[in-house]
Amino acid sequence: MRVIADIPHPRYKIQIFLYNAKYLVKIELGQFEQTFKIAETDVDGGVEAVKRMVTDQLLRNSLDRFLSMRTDWEEAFKNK
């Protein structure tokens, strides 16, 4: 797996990887991460098209998931 692009963002670390004929978009916030996979053949325009898929709406939805992940983790940690 190799990094083929970084997308600058003030809140997240966003990287695009290429692995097994798939693009992987990894969004990190603190100790949590989300990864989205898409086949190379499903993207016309290569990595630039993948970058355009990382929209403000996707990032807002990702933040909601990060908050849920944190809540789930804190609850699991309390019950260890």
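Worth knowing before you read on, the calculation uses all heavy atoms, side chains too, and leaves out hydrogens, waters and symmetry mates.
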Hey, any chance Ile7 and Tyr19 share a hydrophobic cluster, counting ILVMFWY side chains that come within less than 4.5 Å of each other, even indirectly? no
Evaluate Ile27 against His9 for side chain to side chain contact (heavy atoms under 4.5 Å, CB included), listing each step before the verdict. CA-CA 10 Å; Ile27 304 170; His9 192 275; over 6 Å; no
Inter- and intrachain pairs under salt bridge (Lys or Arg N to Asp or Glu O under 4.0 Å), touching residues 57-76, at least two apart: Glu75-Lys78
Check residues 42-51 and write down every donor-acceptor pair under 3.5 Å in which the side-chain atom is one partner and the other belongs to a residue at least two apart or another chain.
residue	atom	partner	partner atom	Å
Glu48	OE2	Lys51	NZ	3.4

Which residues satisfy the side chain to side chain donor-acceptor pair (under 3.5 Å) test with Glu28, sequence neighbours excluded? Lys26
Report whether Phe36 and Val54 are members of the same hydrophobic cluster (ILVMFWY, side-chain heavy atoms less than 4.5 Å apart, transitive linking). yes
Looking at residues at least two apart in the chain, or sitting in another chain, which of them share a side-chain contact (heavy atoms from CB on, under 4.5 Å) with Val3? Asp6, Gln15, Phe17
Between CG of Asp56 and OG of Ser62, what distance do you get to the nearest 0.5 Å? 11.5 Å
Ignoring hydrogens, what is the shortest heavy-atom contact between Leu63 and Tyr12? Give both atom names and the distance. CB-OH, 3.2 Å
Taken to the nearest 0.5 Å, the spacing of Thr41 OG1 from Lys22 NZ works out to 8.5 Å
Report yes or no: do Leu24 and Leu59 belong to one cluster of Ile/Leu/Val/Met/Phe/Trp/Tyr joined by side chain heavy-atom distances under 4.5 Å? no
Who pairs with Thr55 by side-chain contact (heavy atoms from CB on, under 4.5 Å), at least two apart in sequence or on another chain? Gln57, Leu58
For Met53, the side-chain contact (heavy atoms from CB on, under 4.5 Å) test, sequence neighbours excluded, returns Ile38
